Structure formats: structure tokens, C-alpha cells
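Convention: sequence-line order gives letters A, B, ...; per-chain numbering from 1. Just so we're clear, the structure is a prediction, and the values are computed from it rather than from any experiment.
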Amino acid sequence: MPGRGLYSPSIMPDTPQPLHHDTRYDFAAAEPRWQQAWEAARCFSVPDVPPAGAKKYYVLEMFPYPSGKIHMGHVRNYTLGDVVARYKRAQGHLVMHPMGWDAFGLPAENAARERGTHPAKWTYANIANMRAELKRMGLSLEWEREFATCDPEYYGQQQKLFLDCLKAGLVERKESWVNWDPVDGTVLANEQVIDGKGWRSGAPVEKKKLSQWFFAITKFAPELLEALGTLERWPERVRLMQANWIGRSEGARFAFQLAEPVDGMTDCEVFTTRPDTLFGMSFLAVAAEHPLAAAAAARNPEAAAFIAECRAMGTSEAVIEQAEKKGFDTGFRVVHPFTGESFPVWIANFVLMEYGTGALFGCPGHDERDHEFASKYGLPILPVVQPRGAAPDFSVAAKPYTDDGVIVNSQWLDGLDVPAAKRAAIAKLEEMGAGQGVTNWRLRDWGVSRQRYWGCPIPVIHCDDCGVVPVPADQLPVVLPEDVDFSRPGNPLDHHPTWKHVNCPCCGKPARRETDTFDTFVDSSWYFARFCSPRAGEPVTKAAVDAWLPVDQYIGGIEHAILHLLYSRFFTRAMKATGHVKLDEPFAGLFTQGMVTHESYRSAVDQRWLYPEEVEKLGDGTAVVKGTNEPVIVGRIESMSKSKRNTVDPGAIINRYGADTARWFILSDNPPERDMEWSESGVAGASRFIGRIWRLAQSMVEADKPDEAVGKKLRQATHRAIAAVTEALEAFTFNVAVAKIHELANTIGDSATAPLAARREAMEALVRLSAPMMPHLAEEIWALLNPGRGLVAQLPWLEADPALLRAETATLAVQVLGKLRGTIEVSVDASDEEVFALAEAEPNVIRALDGKPVKKRIHVKGRVVNLVI
RNA sequence: GCGGGCGUGGUGGAACUGGUAGACGCGCCGGACUCAAAAUCCGGUUCUGGUGACAGAGUGUCGGUUCGAUUCCGACCGCCCGCACCA
């Protein structure tokens, strides 16, 4: 009943008056009014340090890059988070739900080069626009905590954290390879390399070695892997992907002696996970960046040409691994540690310098890549492992055998299984002093240096005498200069006339600032901590982070499953090591949403991409361009992207249908972890439902002849809906919550004869259950039904009455041999005997039994009866 | 290439822990209201056969386990995501 103790006294005496009755729901008037009411009541504000005894809950969606406009992916992400925030708040939690901007990055520099707009101006204008758009969505965000990572107040604190890490030995300077555009004189991101060429200059890209800053994430590899087991509220697939990325593998590291020394090198060290197949070796392969490759290049122009070809592939692992396997025989030879036989050393384009030692021994019989390589260059392919009980004609000539089995052709390893042979081979290598068993990690240290302007300056100074000197704390933040020139290629910080010239803080002599800036993943690796005390004069305030962290529910795209999340997990540990936080894991719960997709359209005449609003769909399934009627090719459903023009502008949707409709549709379409297809008709349907609820709310008048039986059924439906919606919200199956609310609305519509009290109870429950999803309509109807009774945003969540959830009878399916032959209605606590008797009396069941004796009877309470004949 | 995921009517999807496949929405079909349209309301809608009661088939494909499989196991096919300088 409406009086189940859930009315709270009017918290806000001046809640807005509802709209006039009997009109169409005017979302354009209602939505801004309720947004203002929430803001005036400070419904979503929480203190940096929660009061004792408060149940805190930190909801966070991945903050957006301020590209200029919000897109449907944002609408989905922030709607999901808002449902959680509003639901948890109603459940009595003190909810922190902040928003900010991942504001450094390449697009701002591209805009500067293309349009001459300064990155800061472009970025802050985009932020202003996107903030306004987000506000129109009616999100329960606490805007007081907002910041952008390009604010000096933020990145200055980041510089402090970096210097703390430097002091703690968590930062190193090392050389690494980058994509280099020789014409533009610029380092390129992988996405700026297209078919091996720079995206602007079109010049073939080269790999170049640069001295860069690295976070020592590999020091944490074992615990980053192990702690995945504690992340119970993370999707299993994300944990799996991270585990594979960290890539722990057991194997051996050992040296091959070179048959003859090369430039002072007498051996070549390799890493392998398959020391058991060492007798099946037919060549040794090194990466193009390996010292032996360099030595070969110095002797042979063809080798140099091959290395140049490898360098032209860029640094993308996906590109390298998909390229055709190619190699070059250096003419050097190595000696097998067990047999003394000698083997050729090849440079191979599939060997990665970053993994293991940059060199491997090739065993084509038992490795896919080695097999492809050996087949191509006519190198021997020897079987050394066979499946147990292998046929006499077992061969690895056509296909390598990579599973467990029994070792053959391997002298003293023969007859062992693979794990035993691995142990034996490692023991022998150790005994010989050639190498040892090791654990290898695929994870590499995190290179954070970027040769770009629009990023956080790395706060160090290079002095010829003192080396690398940290910028003293009292000189932080190191602020980006505003007067920069984007007309020249390269890093504007580097060719700025004055900015980099400073005196060394140690010796006072002229020195140079570091002109590299941080990878933007650094910015996003601790923003969640900064939100706890966003204006503090230190990176984080201990009392605030200790109280609010970890994030209880983090929500974002699956595309961040590895890098952003792994870097954040590392950075949190680094902040712990430097005394800023107490915890290891930043995100206790993670939810990864799917993408928003749409059909794509191209003109059949000139193949140009078309926006959905330019296209008219005809009844026969074909489509034409509005106005010109030129035929349109309806393309695949794919991720919304600007280049394919298959985007829908959330602003336009909100203008036309209102924020609640957009939110409701985006939640109702499908489960949030899956990709969703945006459809006009789906939005229109959501809009119709809102109209229907609005009309239903106005029909809350007593029936002429109230029917108690209908009332009881309605009350049961109401409380079942409360239980079902609660369960669905807990499970993140918001589409199911929407369906259950639809069912309740259908039942209210069918219960016009129920007593008014039951109808009102149902209506109020509907409103409160749907409030996390369509908060404006909920407030509007609440105010209509209960003027002056406060805001739904401040009401507690409903609880179902268990007495009304109980059912007296159950419908059982009756199967004969597993096939449905009828249903019976039984009391919920009917005995097996009663149930079987009823089942076997069903006419259709009798026909299916066909007079045969029943051999076995199965009864699953409340579900099914199965008769086996 | 390597790693991860997904696949159910015309369509998005639902289905507790292995127990009536298709809840709910969209679309479509029919009807009411209207001069007409929009809006709204009511009914129908997995496929095949049958007037019907009903029967048969059916959750990407093929096979297995089980009294019973969308659910568990194996192989395959298709699509999607990530691969370290996009965010």
C-alpha cells in the first residue's frame, strides 16, 4: 500500500508543481525543471570524507575524451552508470558519482594543425559543449568534482606522483623503438601508420630508437597476475585477457655458442618454452633489431636491405604477426649445446626483440610459425614429439604437432612425456652451465614518453653535468607554454624558443627541460583517486581516498579491457608504494558495455557515405536518398563512426524525444554488455511507452464497482515486479528490468476495476522502480500523485512483501519421453503421487502413453513431470 | 597471426542451478475510434501440415552426455573486440 512507511517528510517544501492534468507529457518543460530541483536540493553531493557509519558507494564511468559532441556510446555508458548510482542511492548508500575529462591527446593537436585553433581553446570549448549535453541527460552527477586532465591543477599533481615514483625506483630511462616519419620528422602512433606509410606525408615509416621514460610495470607482473583472482566482480573474460597479456610462461633461457665469434660476440642467448624440442632444431632466428642482425648488415648489403624492410613494418605487433613470414640467412652458425651440430642463424621478421631475448631456436616440427618459415626456406622439419600410440606414418611434414606426447629422435630424452622432457632438458642445460629454467613474462615496461605538445610535461631537467635532475617540488607544476607553433613539423615544445631553456636546479648551469610529455594513459590511471578530493594541493587527500576507494562499480567499454585497466591497477600499486593510498586494486567491480551500432548507408551512384537522416527506407526493404531518390546501398550494421557517417546525434534525439526516452530505449534494447543496434522505431516505441505511463497515471480514480479479487492480483503483480526489477538491477540486466516494468504497466492497464488503493500502490511502485532509468518522468508523476511529498530522487528503494510473492498453485509441464503433452495445475505442495495421478489422467497424456507401461516417473517441484515409457 | 567474446522467430532479446523455448519491446496483419489521417485502444503473430483438437520441426552447423540440453562436452562455421604511441 502507499502507506508502507515509505513516505518521507517533504525534504523540499518548494518542489515544483506538476504539469496540468490531461495534457500530453511535455518532456521539454519537465526535464529541465527536475534537473534544477535536484541541483537545488544538492541531491547528488557528498563530502570528501563521509560521516562515520555511512555506507559509501563509488560509481564511476570511464571519463570521456572531449571530442566535441557526446555520442551514443557516451549516452549508453553514462545511462548505465546513472541507473546504478540512483539505485544505490535509493538503497541508502552515500553515492559518489563524479565526472571529468580525459582532455589531453592527439585530436587536439590535429585540430590545431588543421584549423589553427590552439589545443587548449579547442579542448575547453568542446568540454563546455559536452558538459551542457550531459547535463541535459539528467544524470545524477556531482559536477562540483569536475576537472579536466589538462588543467594545470591536475597535471601538476601528476608530475608530483611521477617524481615520487622516480624516487621510489619505479621509473626508468631506456631505449625503445618508435614509428618515425622521416618527412614530417615526427613520431607516429600506430593508428597514424597506414600500410606502412605516414598518414600525412605518405612516406614509408621507419623504426627509430629513442631514449624514453618507462614505468617499471614488469616489477609488478607477478602480483598483477595473481591479484586477478581477487577481482570477483570483474568479468571473467577481462581477467582472462589481462592474464594472457601479462603472459607468464615457464621455460629456459640459454646460450648457443657461435661457431665463430662475430664482432666480439661468442654466443647468442635464446628463450624457449619448449626446451623438450631442442633436438628438433633446424635453425636459429633473431629479430631485425638483434645485435647479430646488425653484424650481418655491416657485412652484407642484402642483410641491411632485409632489416630495412622489417623496419618499414612499423611497431604494431598485429601487423608484424600477420605479415608473411620472411627471413634472411646471415651465414653465421651456432652450435647445438647437446649434439655439437651447427645450425644457420637467420634474421626473421616474426621474431620480436621485446619478447624474451629477441632470439629463438626454430623447431618446425612442433611450432606453427617455425613450420611456416622452414617450409618456405626449405629448412629441415624433424619430428621429436609423437602422440602416444601414433600411427607408423605419423609425420609433421605438412603440419606441426604441438600437443603433449612422447619424445622421439632425442637421444636421452626419448620416451619421456613433454613436461618431463622439459624438466630434463633444463636440468641438463643448468648442469652444462649453458643456461637455466626461467619464468618469462610477455608484459613489457610501460613507455610513457610522447614527443607531443598536448600532454602533461615530464618534470625533469637534463643537465650536461648532473644528468637527469627532477624539477624541484617548489617549481611544480611545469606548465605548458601557450605560445606554440604548429606550422612546423615535430614537437612544438622542442622547438619553442625559450621554454626548454632553464638552469640546472643542482649546479645552476644552463640545462634543458625534458620536452616529451606523458602518454595520456598516465592521466587516466589515477583520475578516479583525484575525484575523492579534486581541489587538494596534493595528489590525493589520505582521508578522502581511504574512505572512498576503491571504486565500487566501474563502467566502460570492453575496448579498455587491457591497457587502461592494467595501467590503472599498476598505478594504484605505485601510489601505494609512494604512500599515497593504502590499497592495491582500484576497481572492486567492473562492468564492460557493448558498442552502439547502426546500419551504414552509401550512395549506389558515387559510393559516398550517407547519414541516416539523409536516407529514406521504402516499404520493399530498399532505400533511397531523400529528395534526389538516388538508390542507396544499405550496408552492414557496425560500430558508429564518423567516417562511415552511421552516427545518430544524441542531442537531436533528446530534442525530439527527451532524455528519458533516450535513456529508456538504450536500456531496453538488449543486455548492456552486448553491442546494441540503434533504431528509430525502437526510440519511437520508448517514447510511446512514456506517453502510456503518463496517461495511466492520470487514470487513478476509483472504479464504479471495485473488485477485491482483481485488486489482490494487482497487488501480487506489483510486489512481484518490485522483486523482479530489484533482481534485474542487481544483475545488470536492465533490459529485463524494463520488460518487468512493461509487464506491470500492462497489468495496471488490465486492472481498471481494482480498488483505487491497489492501483495507486501499483502506479507508485512503477514510478519508483523506473526512476533510476527515467528519472524526470518519475518525478513528474510522483508530484502529480503526491504533491509536495519530496523528490523520488530522495526516496528509499521499495521492498517486496514476501506474503504477496507466494503462489498457491503451480502449472506443471507434463512430458512423455521428454516431449510436452500437456500441463496440469497443482497446489505448490502437492505430493509426487498426487502429481503423477493428475498427470496420467490428462487426455492428451493418455493418448501419448499409448497404453504402454510407465517405466520411470520424474517430478521436479513446480516445474515439470516426465513420464518415461 | 595470437588472445578474448558472441551466435535463439521478420527483428532486439527472455528463459532460476539441466526442467513448458520465444517473456517484454519493435515490426507486421486484422479490428475499433475518425469524413480522413495522426494519436490511442483491442486481438493475432516461430515454421510446416490440419477448419480444428493436434502432430512434426526448431536456439549458427555436425556429433556426444542425459528421462530431459538455448544451458554441459567435442569439432567446425560466421561475426565482433584487443594486440602495447587512438582514447
Looking at A:Asn735 and A:Asp669, would you say the former's side chain and the latter's main chain have a donor-acceptor pair under 3.5 Å?
no

With sugar-phosphate meaning primed atoms plus P, OP1 and OP2, does A:Pro64 contact a base, only sugar-phosphate, or nothing at under 4.0 Å between heavy atoms?
nothing

Please classify the nucleic acid contact of A:Leu106 as base, sugar-phosphate, or nothing, using heavy-atom distances under 4.0 Å.
sugar-phosphate

Assess whether one donor atom and one acceptor atom, taken from the side chain of A:Gln451 and the base of B:C85, lie less than 3.5 Å apart.
yes

Go ahead and write out RNA chain B as dot-bracket, 5' to 3': ( ) for pairs within the strand, [ ] for ones crossing earlier pairs, | when the partner sits on another strand, dots for unpaired; Watson-Crick or G-U wobble, both distances under 3.5 Å.
(((((((..(((......[....)))((((((.......))))))((((....))))..(((((..]....))))))))))))....

For the side chain of A:Asn670, counting heavy atoms from C-beta on, which of B:C83, B:G12, B:U40 is nearest?
B:G12

Remember a base hit wins even if backbone is also touched, and classify A:Val860 as base, sugar-phosphate or nothing at under 4.0 Å, heavy atoms.
base

What nucleic acid atoms does A:Ser668 come within less than 4.0 Å of, heavy atoms only: base, sugar-phosphate, or nothing?
nothing

Under 4.0 angstrom, heavy atoms only, what part of the nucleic acid is A:Phe665 near: base, sugar-phosphate, or nothing?
nothing

May I ask you to say what A:Ser449 touches in the nucleic acid, namely base, sugar-phosphate or nothing, with a heavy-atom cut-off under 4.0 Å?
base

Taking only the P atom of each, what is the distance from B:A87 to B:C76 in whole angstrom?
38 Å

Would you say the side-chain atoms of A:Asn244 pair up with the backbone N or O of A:Gly247, donor to acceptor, closer than 3.5 Å?
no

Go through the steps to decide whether A:Arg442 and A:Glu354 satisfy the test salt bridge (charged side-chain N to carboxylate O under 4.0 Å, His left out), and finish with yes or no.
CA-CA 9 Å; A:Arg442 208 185 75 97; A:Glu354 291 86 3; over 6 Å; no

Expressed in whole Å, how much space separates the C1' atoms belonging to B:U65 and B:A15?
22 Å

Of A:Gly105 and A:Leu817, whose nearest nucleotide on RNA chain B comes first from the 5' end?
A:Leu817

When we call it a touch if two heavy atoms are under 4.0 Å apart, what does A:Arg452 touch: a base, just sugar-phosphate, or nothing?
base

Nucleotide nearest A:Asn190 when distance is taken to its side chain, options B:U20, B:C85, B:C41:
B:C85

Measure from the side-chain heavy atoms of A:Tyr567 and tell me the nearest of B:U40, B:A84, B:G5.
B:A84

Under 4.0 angstrom, heavy atoms only, what part of the nucleic acid is A:Glu743 near: base, sugar-phosphate, or nothing?
sugar-phosphate

Atom-to-atom span, CZ of A:Arg24 to P of B:A38 - whole angstrom:
14 Å

Quick check: on RNA chain B, is the nucleotide nearest A:Lys819 upstream (toward 5') of the one nearest A:Gly685, or the reverse? Name the residue that is more 5'.
A:Gly685

For a quick check of understanding: with a heavy-atom distance under 4.0 Å over all strands, which category does A:Arg857 fall into, base, sugar-phosphate or nothing?
nothing

So do the side chains of A:Ser249 and A:Phe271 get within less than 4.5 Å of each other, counting heavy atoms only?
yes

Which of A:Trp526, A:Phe518, A:Phe104 passes ring-ring contact (aromatic ring centres under 6.0 Å, His included) with A:Tyr154? Answer is A:Trp526

Taking atom P in both B:A53 and B:U40, compute the distance separating them and give it to the nearest angstrom.
33 Å

Touch check for A:Val187, heavy atoms < 4.0 angstrom, all strands: base, sugar-phosphate only, or nothing?
base

With a 4.0 Å cutoff (strictly under), does any side-chain N or O of A:Arg450 reach OP1 or OP2 of B:C85?
yes

Between A:Phe27 and A:Tyr25, does the ring centre distance come in under 6.0 Å?
no

What is the nucleic acid contact for A:Gln212, judged by heavy atoms within less than 4.0 Å: base, sugar-phosphate only, or nothing?
base

Side-chain atoms of A:Glu321 come closest, of B:A55, B:U40, B:G1, to B:G1

What nucleic acid atoms does A:Trp446 come within less than 4.0 Å of, heavy atoms only: base, sugar-phosphate, or nothing?
nothing

Considering every strand and a 4.0 Å limit on heavy-atom distances, what is the contact class for A:Arg444: base, sugar-phosphate, or nothing?
base

Side chains of A:Leu566 and A:Leu563: closer than 4.5 Å at any heavy-atom pair?
no

Is A:Asn866 touching bases, backbone alone, or none of the nucleic acid, heavy atoms closer than 4.0 Å?
base

Atom P, compared across B:G3 and B:A75: separation rounded to whole Å
14 Å

Separation between CZ (A:Arg674) and CD1 (A:Ile558), nearest 0.5 Å, reads 14.0 Å

What distance separates A:Phe732 CZ from A:Leu80 CG, expressed to the nearest 0.5 Å?
7.0 Å

